[in-house]
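Notes for the one structure printed next.
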Amino acid sequence: MMIEVILINSKKLALGMLCLATVSGTVNAASLYKTDDSKLNIGGRVEARAENNDHNISDLSRTRLKISSETKLTETISGIGVFEQEFKAKSEKTRHLYVGIKAALDNGYATLVYGKTDGSMSVVTDITDIQAAYGAVAADKFKVGKRVANSLATTYTNDFGTTLSANYAGAEGTSKGDFDGGFSIAGAQAIGDSGFTTAIGYAKQAKVQQQSKQQFDIGLGYQLDKLYLGTLYTRQKVKGKTGNGYDVVAAYKINSRYKATIGFGELNFDQADDTRAVNADITARWNSQFRTYAAINFDTVHNDIQQMIGIRYDF
């Protein structure tokens, strides 16, 4: 077996990640080996982050390691497997661990995987969840719509800007408060060459001996040259209380290196505390693998300010 070491083209990798229904946050990966029928890629990030909150500095540094593999079964169907782990100074967690199939269709791909997979709501929340550190106040996803184990998930994407995603997750235990199953479903569509993308999604999950939670999101994004605008509306039902919220975000690519964002979001529940914040950041991409950023978040409900600086290396 001939072993080849190659650098994967970033555009092909990005498409592959979307087809595998996973988000690792890296645009670089190396192929450990590649044959005519199989390949094994490794990638990830190392990210040093320091946050200042009321003159207290916290080290929020982390690293992620992702291994993805694919083997050809027929001319149009492949077997796929993904593992991704996140490490912090005092903890670690599995972000993805699943196996399934990927099928090439006319002008697109479809996947069907089982294990710890992404939920479907990121299809919608990615419209506003674009900032380096903070933001996504209303776009906070339930477990089943974010990332969950014991999940059967499918995704379809094509060259015309269509993404459809759905997943169902089974129960994780029988004790009170344990995750008791749920599902999420979402879709997004780029509207021709107009620069607009619209998305909609719904998630529902339950815990043992507790009321179910429901979330409905709708989002709209617009790209105009170097300017991007995104907005999201959410309606949620948690513990019998109904909540409404929204996020708005703007991003501007200053030049080939610098990009700045600013966002505002709030989430209000009946007879409960509100969540409301405004945030901004600036990121410098020194090359495709190395970036630095500075971010600030102002919690207008508690009159609290956080600042963060970060250095990130993608591999």
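Note that the NZ atom of Lys213 and the NZ atom of Lys237 stand 14.0 Å from one another [nearest 0.5 Å]. Here CD1 of Ile185 is found 14.5 Å from OH of Tyr168. Values are rounded to the nearest 0.5 Å.
With a 6.0 Å radius and a threshold of 12 heavy atoms from other residues, nucleotides or ligands, Asn107 has its CG atom above the threshold. In this structure, Ile296 places its CD1 atom where more than 12 heavy-atom neighbours from other residues, nucleotides or ligands lie under 6.0 Å away. The environment of Asp36 atom CG is sparse: at most 12 non-hydrogen atoms of other residues, nucleotides or ligands sit within 6.0 angstrom. Around CZ of Arg235, the count of heavy atoms belonging to other residues, nucleotides or ligands within 6.0 Å does not exceed 12.
Considering every non-hydrogen atom in both Thr283 and Ala132, the closest pair reads OG1-CB, 3.8 Å. Looking at every heavy atom in both residues, Ala295 comes nearest to Ala133 through CB-CB, 3.8 Å. Of all non-hydrogen atoms in Arg257 and Asn255, the two that sit nearest each other are N-OD1, 2.9 Å. In terms of heavy atoms, Val137 sits closest to Asp247 at N-OD1, 3.2 Å. Closest of all the heavy-atom pairs between Lys72 and Ser78 is CA-OG, 4.0 Å. Minimum heavy-atom separation, Ile127 to Val249: O-CG1, 4.2 Å.
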Problem - Candidate pair Phe196 and Tyr222, rule ring-ring contact (aromatic ring centres under 6.0 Å, His included), full reasoning - result: CA-CA 4 Å; Phe196 283 99; Tyr222 178 62; 4.4 Å; yes
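Ring geometry for Tyr98 versus His96: interplanar angle over 60°, hence perpendicular rather than tilted (30 to 60°).
Looking at heavy atoms from C-beta onward, Leu65 lies out of side-chain contact with Phe83 at the 4.5 angstrom threshold. For the pair Asp140 and Thr275, the minimum side-chain heavy-atom distance is 4.5 Å or more. Put simply, the side chain of Asn268 does not reach to within 4.5 Å of the side chain of Asn244, judged on heavy atoms. Side-chain contact between Gln306 and Asp304 is present, with at least one heavy-atom pair separated by less than 4.5 Å. Between Asp281 and Tyr134, the closest side-chain pair of non-hydrogen atoms is not below 4.5 Å. Two residues are said to be in side-chain contact when any heavy atoms from C-beta on lie closer than 4.5 Å; Ile282 and Ile254 meet this criterion.
Two rings, from Phe216 and Tyr202, have their centers 6.0 Å or more apart.
With Glu84 as the partner, the side-chain contact (heavy atoms from CB on, under 4.5 Å) test is satisfied by one option alone out of Arg147, Arg64, Lys116, Lys93: Arg64.
Asp217 and Gln215 are linked by a side-chain donor-acceptor pair at a separation below 3.5 angstrom, with hydrogens and angles left out of the test. A donor-acceptor contact under 3.5 angstrom links the side chains of Tyr114 and Asn150, judged on distance only. Remark: the Thr71 side chain and the Asp37 side chain contain no N/O donor-acceptor pair separated by less than 3.5 Å. Side-chain polar atoms of Thr162 and Gln189 form a donor-acceptor pair below 3.5 angstrom. Side-chain N/O atoms of Glu47 and Tyr293 include a donor and acceptor closer than 3.5 Å.
With Phe269 as the aromatic partner, Lys241 does not meet the cation-pi criteria of under 6.0 angstrom to the ring centre and within 45 degrees of the ring axis.
Checked against salt bridge (Lys or Arg N to Asp or Glu O under 4.0 Å), Glu266 has the following partners two or more places apart in sequence or in another chain: Arg276.
Distance alone, capped at 3.5 Å, is enough to place a donor-acceptor pair between the Asn167 side chain and the Val144 backbone. One N or O on the side chain of Ser184 and one on the backbone of Ser120 form a donor-acceptor pair closer than 3.5 Å.
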